[in-house]
Amino acid sequence: MSLALARKYRPATFDDLIGQEAVSQTLSLALESQRLSHAYLFSGLRGSGKTSTARIFAKALLCEKGTTAHPCGVCNHCVMAAESRHMDIIEMDAASNRKIDDVRELIEHTKYKPATARYKIFIIDEVHMLTKEAFNALLKTLEEPPDFVKFILATTDPLKLPATILSRTQHFRFKKISQPVLAHHLEHILNLEGVGYEKEAIDIIARSGAGSVRDSLTLLDQAIVYSKNFIDIATVTNMLGIIEPSLLENLIDNIMIKDQKAILAFIETASEFESEMIIDELMLYLKEQLLGGSHKITPMIIDRFFRILAEAKSLLAIGSNGEFVLSLTLFKMMEALQIQDIDGMIRTLEKELSGVAITPASVKEPSKIETSQVEVSKVEIPKVEPEPIQEEVTPEPIPEPVVEEAPKPIDPNAKLFEALVAKLYDRNYELGQVFEDNITYNSFEDYQLTWESTASGEHKKMLMNHWGLIRMFVQEIFGFETKIKNIAKELPSPVELPQQESSDDFPADEPVSMIEDEVLGQDIPRPHVQEEDAPMKSSCIAPDHDGVEAAKEKDERTILDEPMVAKALELFDPKKVRVKRKN
């Protein structure tokens with residue numbers, strides 16, 4: 001009975017492994033130097049040689065010649081290992097034995113010594129399929145097994161393994177087999193089998209195998225039967241259901257020359273194939289052109305084609321009509337060739353400009369022929385008209401660049417003043433309206449805010465009563481060191497303020513003099529108070545001061561000029577000084 005090629009040509013030694021030189025060399029050196037671990041993990045693509053390597057390694061451990069990288073293959077242990085009937089090599093498929101009870105049974109076997117060999121070896125394939133409970137049950141045994149036990153785990157998805165399993169094993173990663181190496185291996189097997197072939201057909205099979213030796217050998221076995229012992233391109237493409245490379249090459253040539261009839265003929269021919277397969281084959285063909293250094297298609301054109309093909313893949317993924325998507329894709333590839341580069345656009349523009357410059361010379365030709373005066377005048381019109389248009393247009397932009405409004409955007413402090421007004425509106429709408437109607441921003445330099453005031457009457461009184469709030473917002477927006485300078489535009493007449501106005505009309509926590517100086521910039525008549533009728537209630541000296549200067553109550557306007565007060569201000573350097581008038 002004939003075996004499948006994947007089983008018939010399964011590697012028997014480390015030398016038979018293809019594309020996994022790093023793994024085979026590391027394991028061989030470990031066997032020769034007797035530096036063996038208790039657990040190994042083999043991970044990689046399907047058909048990359050994980051299980052075959054595990055069996056070769058197990059046979060090398062049990063050979064009667066000793067642990068060697070080159071087992072004899074003739075002793076009882078080697079023969080039983082090759083025939084998969086050795087009692088001390090226990091293989092378990094974790095995909096079908098994935099529960100905790102299966103792992104417990106395996107752990108029970110680790111308690112007993114090997115029957116005939118020096119080691120008892122457990123090969124667990126597809127180990128990532130074990131349940132969480134099964135992994136937890138295996139942890140302790142996997143970390144500290146008996147000296148005669150070796151574990152070899154194999155998986156195609158190491159990311160699904162717990163970190164506790166990964167940390168207890170030596171991890172070997174099996175690489176994807178490259179297409180040239182795989183094609184050479186297939187040619188070697190065909191030579192052993194005595195089957196004829198075309199090299200391009202073997203390349204297609206190796207490419208379809210996608211780096212898996214088992215998948216490639218399965219396709220090769222199928223191709224041998226289908227082609228009647230001679231594998232050619234037509235046989236392989238018909239068997240795999242893919243389009244011939246020559247048709248794709250002709251298609252690209254027709255796209256480059258923009259032959260719409262040929263493209264429509266290809267679409268009709270390709271209706272029997274899957275559209276997604278044709279797009280994938282086009283991508284592979286463009287990749288070969290790019291890596292092969294072909295001068296037929298530039299990298300820029302390949303980039304445009306690839307973007308169009310990638311968009312077509314997304315359209316097919318959402319269930320669009322395949323034949324329509326393929327037709328649209330091919331015509332978009334043809335349209336992509338019409339995009340001009342910058343140099344071409346510059347040359348086109350130069351030609352157009354040169355054509356405009358030549359037109360006056362062509363006007364002179366009719367003068368050689370006797371023509372009517374009307375025709376000559378018509379020719380001269382284009383020369384006369386542009387001149388007054390240029391003269392009329394040139395003076396217009398001259399008055400426009402007058403930079404009269406430039407200071408407004410340059411001074412950012414005007415916007416800060418607008419923010420001050422907005423804050424006052426937000427806190428007290430009536431106060432904000434009075435402030436906006438009577439106070440006008442002038443300048444802000446060296447922490448001095450200057451504005452102009454036209455406040456009088458009730459408006460002035462309202463500003464005085466809310467002076468603390470106004471100054472707080474000024475310092476918050478313009479800075480805490482900001483001083484306010486007021487310029488009064490119109491001074492209200494003294495008649496507007498009643499002479500009997502009491503001091504209670506002013507804010508209790510603000511000095512009248514400071515409000516006058518900072519906000520309104522003008523004096524307000526104060527009620528006359530006789531010294532003998534208003535004794536100094538809070539003075540530490542008796543009211544009968546007899547004219548002594550030290551015993552007199554100081555005017556709040558000049559209190560800051562006193563030597564002791566000035567010295568105190570110099571020592572403490574306060575940010576804010578408030579003088580209160582005692583009633």
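Here the structure is a predicted model, which means the values were calculated and not measured. Atoms considered below: every heavy atom in the structure, side chains included; atoms not considered: hydrogens, waters and symmetry mates.
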Residues in side chain to side chain donor-acceptor pair (under 3.5 Å) contact with [X], at least two apart in sequence or another chain:
{"X": "H171", "answer": "S43, R173"}
{"X": "D232", "answer": "T235"}
{"X": "E144", "answer": "none"}

For [X] and [Y], work out which heavy atoms get closest and say how close.
{"X": "V79", "Y": "V74", "result": "CG2-O, 3.7 Å"}
{"X": "L240", "Y": "S208", "result": "CD1-OG, 3.4 Å"}
{"X": "S271", "Y": "E323", "result": "CB-OE2, 4.5 Å"}
{"X": "D147", "Y": "Y119", "result": "O-CE2, 3.9 Å"}
{"X": "A270", "Y": "I278", "result": "CB-CD1, 3.4 Å"}
{"X": "L182", "Y": "S216", "result": "CD2-OG, 2.9 Å"}

Are the side chain of [X] and the backbone N or O of [Y] linked by a donor-acceptor pair below 3.5 Å?
{"X": "D215", "Y": "G211", "answer": "no"}
{"X": "K120", "Y": "H109", "answer": "yes"}
{"X": "R98", "Y": "T131", "answer": "no"}
{"X": "K150", "Y": "S37", "answer": "yes"}

*Verdict with reasoning, D101 to R104, per salt bridge (Lys or Arg N to Asp or Glu O under 4.0 Å)*: CA-CA 5 Å; D101 294 336; R104 285 174 178 171; 3.8 Å; yes
_Pair T67, Q34: side-chain N/O donor-acceptor within cut-off below 3.5 Å_ = yes
*Show your working on salt bridge (Lys or Arg N to Asp or Glu O under 4.0 Å) between E281 and R207 and close with a plain yes or no.*
CA-CA 11 Å; E281 292 296 323; R207 189 184 67 192; 2.8 Å; yes
Flag yes if more than 12 heavy atoms outside [X] fall under 6.0 Å of its [atom1] atom; otherwise flag no.
{"X": "R35", "atom1": "CZ", "answer": "no"}
{"X": "M256", "atom1": "CE", "answer": "yes"}
{"X": "Q25", "atom1": "CD", "answer": "no"}
{"X": "F324", "atom1": "CZ", "answer": "no"}
{"X": "Q260", "atom1": "CD", "answer": "no"}

Of all residues at least two apart in sequence or in a different chain, which pass the salt bridge (charged side-chain N to carboxylate O under 4.0 Å, His left out) check with [X]?
{"X": "E133", "result": "none"}
{"X": "R55", "result": "E91"}
{"X": "K423", "result": "E476"}
{"X": "K160", "result": "D157"}

*asked:* Listing request: all side chain to side chain donor-acceptor pair (under 3.5 Å) pairs with a residue in residues 179-201, at least two apart in sequence or in separate chains.
replied: K8-E193, Y9-E193
*Pairwise side chain to side chain donor-acceptor pair (under 3.5 Å) hits with a residue in residues 218-229, at least two apart*: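 Sorted result for residues 218-229: empty, none.
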*Take Y40 and F57 through the test ring-ring contact (aromatic ring centres under 6.0 Å, His included) and record every step on the way to the result.*
CA-CA 10 Å; Y40 296 88; F57 189 60; 5.0 Å; yes
Throw together a table of side-chain donor-acceptor distances under 3.5 angstrom for residues 282-293, partners on residues two or more places apart or in other chains.
from : atom 1 : to   : atom 2 : distance (Å)
Y285 : OH     : Q289 : NE2    : 3.3
Y285 : OH     : K296 : NZ     : 3.4
Q289 : OE1    : S294 : OG     : 2.9

Once you round to the nearest 0.5 Å, how far does [atom1] of [X] lie from [atom2] of [Y]?
{"X": "H86", "Y": "S84", "atom1": "NE2", "atom2": "OG", "result": "11.5 Å"}
{"X": "I165", "Y": "T155", "atom1": "CD1", "atom2": "OG1", "result": "11.5 Å"}
{"X": "I90", "Y": "I152", "atom1": "CD1", "atom2": "CD1", "result": "12.0 Å"}

*Return each pair, listed once, that meets salt bridge (charged side-chain N to carboxylate O under 4.0 Å, His left out) where at least one residue sits in residues 12-22; pairs must be two or more places apart or across chains.*
none
*Sequence neighbours left out, what pairs pass salt bridge (charged side-chain N to carboxylate O under 4.0 Å, His left out) with at least one residue falling in residues 259-276?*
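Pairs touching residues 259-276 that pass the test: E276-K313.
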